[in-house]
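A short write-up of the structure that comes next.
Being a predicted model, the structure only gives us computed values, none of them experimental. Below, all heavy atoms of this structure are taken into account, side chains as well, without hydrogens, waters or symmetry copies.
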Amino acid sequence: MKIELLKTFLEVSRTLHFRIASENLFITQSAVSARIKLLEDDLGVLLFDRSQKHLKLTSEGNRLIKHANEMIFMWQKTKQDVGLADSGAHQLVIGSMMSIWDIVLQDWLKKIHRNFEEINLLTNTYSPNELRKGILSRVIDLAFLFEQPFVEDLMTEKVASVPLHLVTTEPNEKKEPFSLDNYIMVDYGEAVNAQHLREFQDAPPAKHHMSQPRIALNFLLDAGGSAYLPRQMTFEYIESNKLFLVEDAPVYSREIFAVYLAKTQKKEIIEDVLQLFPYVSI
């Protein structure tokens, strides 16, 4: 099965439009249709329902999305790894939850690029369960999680402790008690969520629930309201008075852990790059 077919399928599944997908892929609309038809013939199923005015994914198409992403990632991993064989470089496959990329990993990747010319990075985003499975199956070399996995074959290092402050777009100039109006509940995992529910049990329900702090931050800046956000993400907006700290609100903390196989052949490389975090000493 050609990777181009899977890439075309993912683009059509994202846009739900053959013409738009063809423009994004820089190929003709007839080529997109032909690729999807060939993929459907190979699999023996229909991936899209074409009977209505608007294109829809079938149940088989929905199931293929996850597998297509995994196969494309594995192909990229394979191409990069094989290409490095004679160059003396090393591939490092890093997986993380989306929110952790935003909070601490962007700057860390830049440090790896500046300090380790021999390391070639390959990154991807996964759910916590997929990250644990990816490490154990050696698909991922290094994973980042909020919750520490207690598995015998895995090494775990705490790389950061992220303070979560309640911020708002409305300054409290009259020093009145703060109320959670237009509050956005950001998902930081069960430990933080349970603590928040205990301390704000008398507050009205959250206006919105969002899984990613970056999405919540952008929403606040555009629409107003309040949310718990990582200090690292809000500092510049507080300095410019676009956001304001709620001084009397409790402060939470979210720990971030790096996870890798205890017997990985890349252990030395992994330990070297982890020491680029300020709090890590291996």
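- Applying the salt bridge (Lys or Arg N to Asp or Glu O under 4.0 Å) test to every pair with at least one member in residues 133-146, sequence neighbours left out, gives these pairs: Asp141-Lys266.
- Taking the ring pair (Phe, Tyr, Trp, His ring centres under 6.0 Å) definition, one finds that Trp108 meets it with Phe144, Phe277, sequence neighbours left out.
- Thr8 pairs by the side chain to side chain donor-acceptor pair (under 3.5 Å) definition with Arg35, not counting sequence neighbours.
- Taking Ser59 as the reference, Arg63 meet the side-chain contact (heavy atoms from CB on, under 4.5 Å) condition, with sequence neighbours excluded.
- Residue Gln265 qualifies as open at atom CD: its count of foreign heavy atoms under 6.0 Å is 12 or below.
- Within the structure, the salt bridge (Lys or Arg N to Asp or Glu O under 4.0 Å) test picks out no pair touching residues 121-130 (sequence neighbours left out).
- Residue pairs satisfying the ring pair (Phe, Tyr, Trp, His ring centres under 6.0 Å) criterion with at least one member in residues 221-242, sequence neighbours excluded, are listed as follows: His196-Tyr228, Tyr228-Tyr252.
- Trp75 is connected to Leu6 through a chain of hydrophobic side-chain contacts under 4.5 Å among Ile, Leu, Val, Met, Phe, Trp and Tyr, so both are in one cluster.
- Annotation: side-chain contact (heavy atoms from CB on, under 4.5 Å) contacts of Ser161 (sequence neighbours excluded): Lys158, Ser253, Glu255.
- For residues 19-67, the ring pair (Phe, Tyr, Trp, His ring centres under 6.0 Å) pairs, not counting sequence neighbours, are Phe9-Phe48.
- Applying the salt bridge (Lys or Arg N to Asp or Glu O under 4.0 Å) test to residues at least two apart or on different chains, the pairs with a partner in residues 21-31 are Arg19-Glu23.
- Looking at residues two or more places apart in sequence or on another chain, you find a side-chain contact (heavy atoms from CB on, under 4.5 Å) between Met210 and Ile184, His208, Ile215, Ala216, Phe219.
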For this session: Give the intermediate values and the outcome of side-chain contact (heavy atoms from CB on, under 4.5 Å) for residues Lys7 and Leu5.
Result: CA-CA 5 Å; Lys7 290 180 178 179; Leu5 301 185; over 6 Å; no

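- Sorted by first and then second residue, the salt bridge (Lys or Arg N to Asp or Glu O under 4.0 Å) pairs with a member in residues 143-153 read Glu147-Arg254; sequence neighbours excluded.
- The side-chain contact (heavy atoms from CB on, under 4.5 Å) search around Thr169 returns Leu220, Leu243, not counting sequence neighbours.
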For this session: Take Asp107 and Lys111, measure what salt bridge (charged side-chain N to carboxylate O under 4.0 Å, His left out) needs, and give me the verdict at the end.
Result: CA-CA 6 Å; Asp107 289 340; Lys111 290 180 180 179; over 6 Å; no

